[in-house]
Amino acid sequence: MLEDVRVLDFSQYLPGPFATLRLAEMGAEVIKVEPPSGDPARTTGPKSNGEGIGFKANNRGKKGITLNLKHASGREIALRLIQEADVLIESFRPGKMAKLGLSFEEVSKVNPKIIYCSISGYGQDGILSTLGSHDINYMALSGALAQLKDDHGRPVHPSNTFADFIGGMAANEGILAGLVSRSITGKGSYHSISITEVMASFMVNHVLIEKETGTRNGFGVLNGSIVSYALYETKDGRFVSLGALESKFWNNFCLGVDRPDWIPLQFSRTTPDCSIYKKMIELFKSRTMDEWSKFGMDTDCCLAPVLEGHEIAKHPYFLEKEAVHAGGQVKMHSGLRTEDLPSAPEKGEHTDEVLKKLLHISESELLAWRSTGII
C-alpha cells in the first residue's frame, strides 16, 4: 500500500522504530539513519549474538545507514536525502533537530512536501518538554497506570511498554493522515506526538465517568467486578478470561457447564461473600487452561486463555493467521504477507548503496567521508 513512499527514520529505541516497522510492512522504503556509534537500542536489553533483541525486533525490513549529523557535511548529506524523501520521523529531545539545522522549518525549505513527525514524551514545548522520560512515566502521568492495581490498591508495574508502542501507532496515524492530506493539497505537514497525551486519550471514558459518577475504574461491568466478565484461575495454576457480557454469551456459558440455574445471576459481584462467585472459582479450578481453551473454542461464550508470549505462535488462531514468523518475529498487520522482509540491518549496512543511488556519490567521496567520520 505504501510502495514508492520513502521514509527517513532518525528515531531511536522503541516508539519511532516501531512506527516505521509498521510502515515498512505496508511497503514503504524505510531508511534508518543512525549515528556512527549506532542506535543505543543495539546495545540495550537482552541480546542475541551481541546485538539487542529489541533492535532486531523493531528494525527489520529497513535499510541502515550511518551519518554524523553533528558534522556540517553530515547535515548537508541529510538535507540532500530529505529532498528525496516523503516522510521524516525523529524522536530526539525537543530542540535537538533544530540545533542540528534539521527542524521542520529548515527541512521544508528543501522539501515543501515532506511529512515530518516528531515523537517525544511530553511534546515539543511546555513545562515538562525538556525533561527525560520513559514509558513508565507516560503510563503514570496519563492516568493509565492507576487502572492497573493489585488487590491492595497498589499500581502494578507492566512488563510491556504499552505507551511506547501506542505512541508509535499514533505517530503512524499522523504520518498517514499527512500523506493523505498531501495527496489532496500538495503540501507537507508537521506532526508532534506527545506519548503522554496519546496515553491520556485512552482515558476518554474513565475521566468523564469519574466526573459524572465518581467511579474511578471506568465501566463497572468491564473492570472485573462481575462474575460474567472476569479472570479465573485454572486447575494447573494458569488463567482464562471470561467476557460473557451479553446475555446470549452468558447463557451459552451456563448451559455449557450444565448450570442453567446461574443464568439469572449474570451480574453478581466478584466479592468474597458472593455464592456464585465462589462456585465459579471452584468450577474453573476443576479444569486445566487447555481444557478451558478448547471449551471456549467449542462454546460461543467469550472465553479465551491468558497466553504467555511463547505460546502465541502455537495457538490455532495465530497459526491460521500466520501471525508469527518462523524466526519469532510478530507480524504488524493482519492480511499482509511479510515473511520476505529482511532482518534488521547491520550498522551502516546500506550506507554506500543508499548514498550512491539517491545522491550519486562516488566511491572516492564515500572513502573520504568515512575517513573523516561523517558516515
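Reckoned from all heavy atoms, side chains included, excluding hydrogens, waters and symmetry mates. Nothing here was measured: the structure is a model prediction, and the numbers come from that model.
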What I want to check is whether the side chains of [X] and [Y] have a donor and an acceptor closer together than 3.5 Å.
{"X": "S133", "Y": "Y138", "value": "yes"}
{"X": "Y190", "Y": "S118", "value": "yes"}
{"X": "D9", "Y": "T20", "value": "yes"}
{"X": "E365", "Y": "S362", "value": "yes"}

Close side-chain approach of V180 to L176, heavy-atom, < 4.5 Å: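 No, side chains not in contact.
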
Check: I31 and E84 side chains under 4.5 Å, non-hydrogen atoms: no

Identified side-chain contact (heavy atoms from CB on, under 4.5 Å) partner of T270 from the options N223, I281, V227: V227

Matching residue for R22 among V30, N172, N58 - test: side-chain contact (heavy atoms from CB on, under 4.5 Å):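 Passing option: N172.
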
Salt bridge flag under 4.0 Å for residues E34 and R42: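 Looking at R42 together with E34, the answer is yes, because their closest N to O distance falls below 4.0 Å.
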
D352, T351, T66 screened by side-chain hydrogen bond (donor to acceptor under 3.5 Å, both in side chains) with R370, the one that passes: D352

Shortest non-hydrogen contact from V156 toward K149: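 Looking at all heavy atoms of both residues, the closest pair is CG2-C, 3.8 Å.
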
Side chain K113, main chain D86, donor-acceptor under 3.5 Å: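 Side chain of K113 to backbone of D86, a donor-acceptor pair under 3.5 Å: no, none is there.
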
F267, CZ: over 12 other non-hydrogen atoms inside 6.0 angstrom: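 Yes, the 6.0 Å shell around CZ holds more than 12 heavy atoms from other groups.
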
Parallel, tilted or perpendicular: ring planes of Y116 versus F104, cut at 30 and 60 degrees: perpendicular

